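Down below is the structure, laid out as structure tokens.
Please read these numbers as outputs of a predicted model, since none were measured by experiment. A note on names: the letters A, B, ... follow the listed sequences, proteins ahead of strands, and every chain is numbered from 1.
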Amino acid sequence: MGEFGELIGDPLDREFFDRPAEEVAPDLLGRVIAHGPVAVRLTEVEAYGLPGQDPASHVYRGRTERNAVMFGAPGHLYVYFTYGMHHCANLVCLPEGTGSAVLLRAGEVIRGAEVARARRAAAGNGNAVNGGAGDGGAGEGDAPPGGRSIPDRDLARGPARLAVALALTREHNGLDCCGSGPVRVFTGEPVSPELIRSGPRVGVSAGREIPWRFWVDGHPTVSPYRPHVPRQRT
DNA sequence: TTTCTGATCTTCT
DNA sequence: GAAGATCAGAAAC
């Protein structure tokens, strides 16, 4: 024992998140977020800033029913549904009432890879991201069509995939990650500063000049940069 | 390997 | 009514 314990470390306290998102984000690299049997070591994150200041942030225009959690206490989970089929998970930063968060973009599954793979396979089978969160033990999954299995590096590569691997849905919106809840964040192994890179955020149309995307240089789980492309409807 | 497109639905103006 | 913090598969090269 102890193998995973050493990899995961101690739970992060609330003070860790009581800082600006652009400061918390690079510090989150190498940290571990765990939900049930699955643990993911973060390799790519994005900071989203304050109302009226960061046009790419959900809180830019102020508080709404959807983004209310971002105005809550630090260390809480903000999960939203996007593009009609995907969930994305954030960790709230700064004191209550402020409104900022860090988007979890990608990570490396260091525990529970088979459970994560089964969740990914189930989500890819046509079911939109299916929670199934409560039961931690259901690891039995059917193989993906064609017998191809998802490589470890792709299990949590991208914000929606990471949410699936950790079985995070809107049910978990507002969950406290610094308490005794099912989702926790641990110290993990902090990444040395010379390996941390920053650049423009992926897929955002506004605020693209702000280099608040942070990733571990050369890590295979980091998603490729894709600039925002407006969708055309027929 | 890279580029392009369709699927899907919530949120906000 | 329009846009969106995306992804997977197909087509092109």
Quiz item: cation-pi between A:Arg201 and A:Phe214, 6.0 Å / 45°: no

Heavy-atom donor-acceptor pair, A:Tyr80 side-chain to C:dA5 base, under 3.5 Å: yes

Candidate nucleotides B:dC12, B:dT11, C:dT6, ranked by approach to the side chain of A:Arg170 - the nearest: B:dT11

Candidates B:dA7, C:dC7, C:dA5 - which lies nearest the side chain of A:Met85: B:dA7

Over all atoms of both residues, closest heavy-atom pair of A:Pro20 and A:Leu94: N-CD2, 3.4 Å

Sugar-phosphate only, base, or nothing, as touched by A:Arg208 at under 4.0 Å among non-hydrogen atoms: nothing

From B:dC12, C:dA5, B:dC9, nucleotide with atom closest to A:Arg61 side chain: B:dC12

Distance in angstrom units between A:Arg120 CZ and C:dT6 C1', rounded: 12 Å

Sugar-phosphate only, base, or nothing, as touched by A:Arg201 at under 4.0 Å among non-hydrogen atoms: nothing

Ring-ring centroid check A:His172 A:His35, cutoff 6.0 Å: yes

Nearest-angstrom distance from the residue atom NE2 of A:His87 to P of C:dC7: 13 Å

Spacing of A:Asp154 atom CG relative to C:dG9 atom P, expressed in whole Å: 11 Å

Distance, rounded to the nearest Å, where A:Asn67 contributes CG and B:dT10 contributes P: 17 Å

Pairwise 5' ranking along DNA chain C for A:Val202 and A:Arg161, keeping only the more 5' one: A:Val202

Centroid-centroid under 6.0 Å between A:Phe81 and A:His86 rings: no

Collect all protein-nucleotide pairs involving nucleotides 2-5 of chain B in which both atoms are nitrogen or oxygen and the distance is under 3.5 Å.
none

A:Ile33, A:Asn90, A:Leu166 screened by side-chain contact (heavy atoms from CB on, under 4.5 Å) with A:Leu104, the one that passes: A:Ile33

Pair assignment for DNA chain C - dot-bracket with | for other-strand partners, Watson-Crick or G-U under 3.5 Å: ||||.|||||||.

Side chain A:His86 and base C:dA5 donor-acceptor under 3.5 Å: no

Pi-cation contact, A:Phe16 with A:Arg19 (under 6.0 Å, within 45°): yes

Nearest-angstrom distance from the residue atom CZ of A:Arg66 to P of C:dA3: 16 Å

From C:dT6, B:dC12, C:dA5, nucleotide with atom closest to A:Tyr48 side chain: C:dA5

Exercise: do A:Glu44 and A:Thr221 side chains pair donor with acceptor under 3.5 Å: no

Protein-nucleotide distance (A:Arg105, atom CZ; C:dA5, atom C1'), rounded to Å: 7 Å

